[in-house]
There are 2 protein chains.
Amino acid sequence: MRVRLEDVARATGVSPKTVSRVLNEESSVKESTRQKVLAAMESMNYRPSPAARGLAGSRSFLVAMLYDNNDNPASTYLAEVQDGVLDACDAHRYSMMACPLRMRGQDFIRRVDALVFDHHIEGVIMTPPLTDYAPLLQRLKEHGVPHSSISPVHREASIGVCMDEQQAAKALVMQLVELGHRRIAHIVGIANHGASRWRMAGYKDALAAAGLPFDPHYVVQGEFSFGSGVLAARELFALPELPTAIFAANDDMAAGVMWAANERGLKVPRDLSVCGFDDTPLATQLWPPLTTVRQPSREMGKLAALQLMEVLRGRGPGLLVQVPYTLQLRESTARVP
Amino acid sequence: MRVRLEDVARATGVSPKTVSRVLNEESSVKESTRQKVLAAMESMNYRPSPAARGLAGSRSFLVAMLYDNNDNPASTYLAEVQDGVLDACDAHRYSMMACPLRMRGQDFIRRVDALVFDHHIEGVIMTPPLTDYAPLLQRLKEHGVPHSSISPVHREASIGVCMDEQQAAKALVMQLVELGHRRIAHIVGIANHGASRWRMAGYKDALAAAGLPFDPHYVVQGEFSFGSGVLAARELFALPELPTAIFAANDDMAAGVMWAANERGLKVPRDLSVCGFDDTPLATQLWPPLTTVRQPSREMGKLAALQLMEVLRGRGPGLLVQVPYTLQLRESTARVP
DNA sequence: GACAGAAATGACAGCGCTGTCAATTCGCGA
DNA sequence: TCGCGAATTGACAGCGCTGTCATTTCTGTC
């Protein structure tokens with residue numbers, strides 16, 4: 001029926017345990033034996049049973065991708081990250097379970113416990129804002145589950161992947177300055193997201209570098225959603241002196257700004273320059289196409305998963321790797337008339 | 001350490017096998033016994049080990065969601081479907097593996113075999129165009145794996161979920177007719193997708209019902225992507241008599257049409273009415289907001305998964321359930337001047 | 001009240017693999 | 001050549017559950 005480890009052992013003339021050792025890449029196997037076993041596995045088309053490995057050993061070859069399910073602000077982002085994670089899993093013969101978590105209530109405890117106890121998941125990959133949700137981190141720590149974070153706020157203690165968002169935001173706003181803009185507004189994202197902080201910090205950095213004053217009136221609170229971008233823009237349009245450029249902390253809000261500009265009869269980029277952050281597909285689907293910062297979500301998912309697996313395979317402590325950003329200068333920004 | 005089935009048995013005073021029977025909802029257990037066992041499970045917080053169940057029995061409590069990974073046209077759609085599937089899995093204590101498949105090459109065979117042999121998945125949920133990919137269906141059949149389809153082309157032989165897209169498209173185009181439009185163009189989706197056929201058929205139905213002639217010049221081939229929408233619209237704008245309304249087979253292409261309209265200096269909806277299909281988040285983020293048909297993707301994912309589980313639990317042959325559509329009339333369509 | 005047949009329950013082996021620990025073989029200096 | 005620690009390998013039990021088949025306990029009938 002099924003080719004078992006024992007069959008491979010018999011074919012090779014060694015004990016099942018030795019085959020098991022080869023399978024698990026344990027070091028104490030003579031190279032010649034290893035080759036023989038590998039050859040037999042290959043020719044017999046042997047495929048280990050995850051269920052049996054899970055039952056007998058402690059390993060399950062399962063990782064979980066945890067993400068916030070409360071609102072659905074950027075499902076494109078999640079989809080891309082997930083694709084990247086799956087890529088990495090594929091390469092290392094891991095499987096991934098997608099696990100949406102509701103942050104309010106105790107749901108996440110139940111879910112995490114289920115993952116750990118029922119499925120013996122070996123590790124976790126998280127996206128913001130879960131990356132910095134203390135109760136969750138706490139629970140993972142209690143269970144001793146390694147985790148890899150994508151764009152976590154606390155960079156010191158984390159493994160995973162991040163981008164220098166502050167530097168990217170600064171570069172983006174500097175572009176606006178170079179185009180002659182002096183009244184540059186910023187729409188902030190959800191308060192406790194790292195992304196909000198860094199992008200805001202970059203905005204301030206750029207103002208400072210350009211010798212422009214920081215005016216709190218030009219900073220409006222948003223919450224990463226299209227609708228909040230509309231509202232924030234309306235607020236800015238009510239100011240006595242309109243900004244000539246608006247930097248929204250993500251593309252969705254930037255789209256909202258452009259929507260509100262249309263509503264108000266302002267022509268982008270003639271009357272107003274707009275830029276966002278993330279370079280979601282939306283960015284090139286707006287008219288005019290949106291100037292933004294490309295964040296390689298898929299790549300980041302993959303790298304985060306790879307870092308996790310390094311840890312799981314005991315190949316090192318795991319790193320927080322940094323990926324480069326790219327400015328995407330498009331038609332939604334222009335020189336001040 | 002861990003509460004095992006044996007522990008529950010001891011606490012209840014029955015044999016492990018009986019507890020197992022309760023766990024698997026087998027019928028030959030006296031009701032009073034069943035209650036006792038269930039109570040014990042509850043109070044001891046017993047959680048069966050999927051690995052052990054998978055090893056011993058034939059069941060794995062795993063289903064796979066298969067989707068096409070070639071291009072990434074509508075990741076929002078996939079993300080919503082996946083959320084729905086996860087919902088259903090949660091309710092029935094199943095786990096889901098996300099499994100992107102490349103249709104070209106033999107990749108899908110390797111992947112499917114891996115799912116079946118390695119993970120013993122019990123069933124599969126598929127999205128278009130996989131739902132009608134003969135080699136895949138063939139392979140699933142060979143393995144005897146039940147599958148549930150979302151919007152499959154061949155409705156007779158399938159279980160899963162669908163929507164009356166033809167009727168929906170017809171209703172949408174009828175709306176345009178009622179607004180006074182006579183020259184209504186259509187941008188078709190990728191050729192072999194059921195969605196393309198049905199939406200086209202609904203378009204024709206509406207023309208016929210309104211007594212309007214079908215003019216092939218007003219039908220342009222697209223491929224569901226934003227870019228293809230732009231190209232198709234440019235083609236239409238090159239016609240001697242411009243259409244007064246364009247029905248694109250999905251929202252992304254409709255967004256492309258609006259983009260091209262901007263490019264061409266046409267004002268939507270004053271000079272041109274535009275409508276799409278799917279009601280993705282994009283629809284409300286465009287200016288003006290897009291008239292479209294709401295397709296409840298998340299609900300559809302959930303229902304497809306539920307149908308699959310009905311089959312897996314032997315509760316019936318499985319149905320192809322139909323979900324209702326909703327017209328979303330927004331500002332991208334207006335009365336002909 | 002005895003008995004056939006159905007309903008409910010239990011004993012036991014084993015799913016395919018790995019952990020533990022013991023046994024064997026190897027390499028090398030004395 | 002002998003002896004010893006290190007490098008390899010193997011024997012065996014058991015992970016937590018379910019399939020098979022035997023056994024016990026109910027039913028209802030005459």
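Below, each value reflects all heavy atoms present in this structure, side chains not excepted, and no hydrogens, waters or symmetry copies. Just so we're on the same page: letters track the sequence lines, and every chain starts at 1.
Heavy-atom distances under 4.0 Å link DNA chain C to Y46(A), P48(A), S49(A) of residues 29-49 of chain A, given in residue order.
For H120(A), the ring pair (Phe, Tyr, Trp, His ring centres under 6.0 Å) criterion is met by no residue, not counting sequence neighbours. For Y67(A), the ring pair (Phe, Tyr, Trp, His ring centres under 6.0 Å) criterion is met by no residue, not counting sequence neighbours. Partners of H119(B) by ring pair (Phe, Tyr, Trp, His ring centres under 6.0 Å), not counting sequence neighbours: none found. Residues passing the side chain to side chain contact (heavy atoms under 4.5 Å, CB included) test with L136(B) are L66(B), L101(B), F108(B), V112(B), M126(B), L130(B), Y133(B), L140(B), sequence neighbours excluded. By the side chain to side chain contact (heavy atoms under 4.5 Å, CB included) test, P296(B) pairs with M163(B), R294(B), E299(B), M300(B), V323(B), sequence neighbours left out. V14(A) is linked by a side chain to side chain contact (heavy atoms under 4.5 Å, CB included) to T12(A), T18(A), V19(A), T33(A), V37(A), counting only residues two or more places apart in sequence or in another chain. For R34(A), the salt bridge (charged side-chain N to carboxylate O under 4.0 Å, His left out) partners two or more places apart in sequence, or in a different chain, are E31(A).
For the salt bridge (Lys or Arg N to Asp or Glu O under 4.0 Å) condition, the pairs that include at least one residue of residues 140-158 of chain A, sequence neighbours left out, are R139(A)-E142(A). The list of ring pair (Phe, Tyr, Trp, His ring centres under 6.0 Å) pairs with a residue in residues 295-324 of chain B, not counting sequence neighbours, is empty.
Going from atom CG of D7(A) over to atom C1' of dC15(C) covers 13 Å, rounded to whole Å. At whole-Å resolution of the value, CD in E26(B) and P in dT9(C) are 12 Å apart. Per the geometry, CD belonging to E6(A) stands 13 Å off P belonging to dT18(C), to the nearest Å. Rounded to a whole Å, the CG atom of N24(A) is 11 Å from the P atom of dC17(C). A straight line from CZ of F61(B) to P of dC17(D) spans 12 Å, rounded to a whole angstrom. We find that NE2 of H119(A) is positioned 16 Å from P of dG16(D), with the value rounded to whole Å. As rounded to whole Å, 9 Å separates atom C1' of dG14(C) from atom CG of L55(B). The CZ-P distance, from R4(A) to dT18(C), rounds to 14 Å in whole Å.
Bending across the helix from dG1(C)-dC30(D) to dA30(C)-dT1(D), expressed as the angle between its end axes from five pairs apiece, amounts to 40° (10° rounding).
Phosphate contact (OP1/OP2 of dT9(D), side-chain N/O of T18(A), threshold under 4.0 Å): absent. Of the side-chain N and O atoms in S20(A), one or more sit less than 4.0 angstrom from OP1 or OP2 of dT18(C). Listed pair R53(B) / dC17(D) fails the phosphate criterion, with no side-chain N or O lying under 4.0 Å from OP1 or OP2.
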Table of protein N/O atoms under 3.5 Å from nucleotides 20-23 of chain D N/O atoms:
none

Problem set entry | Pair M65(B)-V81(B), side-chain contact (heavy atoms from CB on, under 4.5 Å): steps then yes or no | CA-CA 9 Å; M65(B) 174 176 152; V81(B) 169; 4.0 Å; yes

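A salt bridge links R10(B) with D7(B): the distance from a Lys NZ or Arg NE/NH1/NH2 to an Asp or Glu carboxylate oxygen falls below 4.0 Å.
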